[in-house]
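Notes to accompany the following structure.
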Amino acid sequence: TILILDFGSQYSHLITRRCREHNVYAELMPCTTQLKDVKFKPKGIILSGSPYSVYDKDSPHADPAIYELGVPILGICYGLQELAWQMKGTVEKCDHREYGFAQVQISKIGGDNASVDALFEGLGDEMQVWMSHGDQLSAPPPDFHVIGYTATAPYAALAHNSRPIYGIQFHPEVTHSPRGKEVIGRFILNICGCRRNWTMEEFIGKEVTRIREICGPRGRVIGAVSGGVDSTVAAKLMHEAIGDRFHAIMVDNGVLRLNEAKQVNEMLNKDLGVNLTVVDASDLFLSRLDGIEDPEQKRKIIGNTFINVFEAEAAKIEAVAAEEEKNGAAAKGRVEWLLQGTLYPDVIESISFKGPSATIKTHHNVGGLLKDMKLKLIEPLRELFKDEVRSLGRLLSIPAPLVQRHPFPGPGLAIRILGPVTRAQVAILQHADSIYIEEIRKAGLYDQIAQAFAVLLPVKAVGVMGDARTYEQVIALRAVQTEDFMTADWYVFPPEILRRISSRITNEVAGINRVTYDISSKPPATVEWL
Ligand code: XMP
């Protein structure tokens, strides 16, 4: 395992990602972590970048004990300045922030038989990198030598003379540093000597064993499934581990996509054999949403109603379990656990070294659920990134179209219907959305788009059909490309695809006579309209 100490850079999680892409397990921890609190023995430590300057009064510093551990250390950007600062080098403020591409010249070391340092071995004489820093070194600490430099940064990369301690000014973890992933590979594989044993095949075996140990021979686990990748993969993994002692619950909230509840039932229950109950609570949800236009209120109502319905269903399962126990039947035990499909980015979000960031929208998740039942949480995906979950899904025989599916928000179509939510409005949007997605899939564009969906606008416009005037609603289409959904750009469709989609929607969906395409990026817009 590689320990990554997070000093709050926006790229910290990418370092973790790159290590994992080399099949080496890496874990991100706040920079303030004391070594004695780290439960594993790291094979190497990486110090991330940071928005701070080492000289700031409140700037964060690493536990000096890391230098005594004897394992290789790599400081990136602030991480370099941090280790230089701790080892008595000199860091100075630049007049301007250096931000953008740079060419690093890789130094040849050692006279006639000059060679490059192990960190850059085989990477050529120079490489393009991405810089983003305010401060830089003006003198290296004693016992360090230069292994790379740029036109403006004479100490862009340093190595200790005798110990495996490295610092680099640039960011190898971002894709703008095309060979950066290799630099990280040199460090973790060649210098730290990590084995490449982080694979999803190994993960399944280990996780199934771990779940069995945690759950013991009796006791049931319940969990919500939504039809999305994460909950489906988590459910299938639980099923592999404990079979029918896992109960999946799908709540049909009336604002799902077309035929979604039915499809999830067929796939999860019929094809994958997962013990699933689908609860049709659409009447309850739609009645509570009646007349509501405010997006945050819609989210709140759906979140709360979801909890009510899920709790009621969990209580039914628990009642059956209690009855079986009383009768002394070959019982599977009581309901003791709640499955959550938490992913590593959520975990990072909660452990990262960051100030509070503003809430733009309250995304609903199954937070403090089922307090009264005192269920313990089980989170089999909490170490995984999204693409790791996808590979896991493929290995667990989950059908490819589901594994690659775009994300779908918890409040569903309710936040894509811009006025009040009614059954009739839901039906219109479901129909339009299904045509849109079907055509995107047919054109082979689905996997190039991060998220695509239709939105139903609460306005009417005039049109003409045959000889008659129509006065009907408008559909807006949205498709975005994004890395992380924090920023997003609208997707450029070939015009003939948009033409076909528009023509099908206006012809086939009763109540729609106009289709528009949303060409707003995030920011200033958001991905969803509400
Ligand atoms: P925004 O609209 O915030 O969307 O740019 C970014 C991503 O978050 C999804 N999203 C939600 N997901 N509950 C969710 O589970 C929500 O309330 C919610 N709102 C937005 C959105 O679909 C996009 O993927």
Side-chain angles (χ1 to χ4, degrees), residues 10 13 223-234 250-257 260 264 285 288-289 292-307 309-310 340-343 345-350 357-369 379 381 385-387 389-390 402-418 421 429-430 433 436-437 440 446-457 476-491 518-530:
Q10 54 175 331
H13 68 285
V225 291
S226 65
V229 189
D230 308 342
S231 63
T232 306
V233 171
M250 162 133 193
V251 176
D252 182 348
N253 58 14
V255 283
L256 300 176
R257 285 165 288 193
E260 185 141 37
V264 172
F285 278 87
R288 289 192 187 171
L289 284 170
I292 305 293
E293 291 191 33
D294 177 71
E296 288 300 287
Q297 235 181 316
K298 285 179 178 175
R299 282 191 169 81
K300 208 174 274 168
I301 290 171
I302 291 175
N304 291 339
T305 309
F306 177 87
I307 292 175
V309 173
F310 187 83
Q340 297 244 283
T342 318
L343 301 194
D346 307 324
V347 177
I348 289 179
E349 193 54 42
S350 61
S357 60
T359 304
I360 312 289
K361 302 178 186 185
T362 51
H363 290 193
H364 111 258
N365 284 312
V366 192
L369 190 61
E379 301 177 306
L381 310 182
F385 284 105
K386 189 83 176 187
D387 59 311
V389 175
R390 294 204 160 110
L402 191 137
V403 168
Q404 286 304 120
R405 206 164 188 197
H406 297 168
F408 185 66
L413 301 184
I415 56 167
R416 294 176 180 172
I417 293 172
L418 266 58
V421 180
L429 183 56
Q430 280 178 332
D433 188 72
Y436 182 36
I437 300 298
I440 291 176
Y446 190 82
D447 292 342
Q448 293 177 28
I449 298 169
Q451 199 172 10
F453 54 89
V455 177
L456 183 57
L457 304 189
L477 305 176
R478 181 92 163 123
V480 295
Q481 284 182 310
T482 170
E483 284 281 316
D484 56 6
F485 292 94
M486 301 300 287
T487 61
D489 213 347
W490 56 279
Y491 179 72
D518 180 355
I519 51 167
S520 329
S521 61
K522 171 183 180 174
T526 52
V527 174
E528 302 286 347
W529 277 47
L530 291 183

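When a ligand or atom number is given, it counts from 1 through the structure's own listing order.
The ring-ring contact (aromatic ring centres under 6.0 Å, His included) search around His406 returns Tyr446, not counting sequence neighbours. Considering only residues two or more places apart in sequence or on other chains, Asp252 meets the salt bridge (charged side-chain N to carboxylate O under 4.0 Å, His left out) condition with none of them.
Taking every heavy atom of both residues into account, Pro411 and Val255 meet most closely at O-CG2, 3.7 Å. Across all their heavy atoms, Leu530 and Arg299 have their closest contact at O-NH2, 3.2 Å. The shortest non-hydrogen separation linking Arg405 to Gly227 is NH1-O, 3.3 Å.
The Thr526 neighbourhood of ligand 1 comprises atoms 1 (P), 2 (O), 5 (O), with distances under 4.0 Å to a heavy atom of that residue. Listed by number with element, the atoms of ligand 1 under 4.0 Å from a non-hydrogen atom of Phe485 are 23 (C), 24 (O).
Checking only distances, Gly410 does come within under 3.5 Å of ligand 1, N or O to N or O. Geometrically, ligand 1 and Val527 share a nitrogen or oxygen pair separated by less than 3.5 Å.
In this structure, of Glu528, Gln451, Lys300, the residue bringing a heavy atom nearest to atom 23 (C) of ligand 1 is Gln451.
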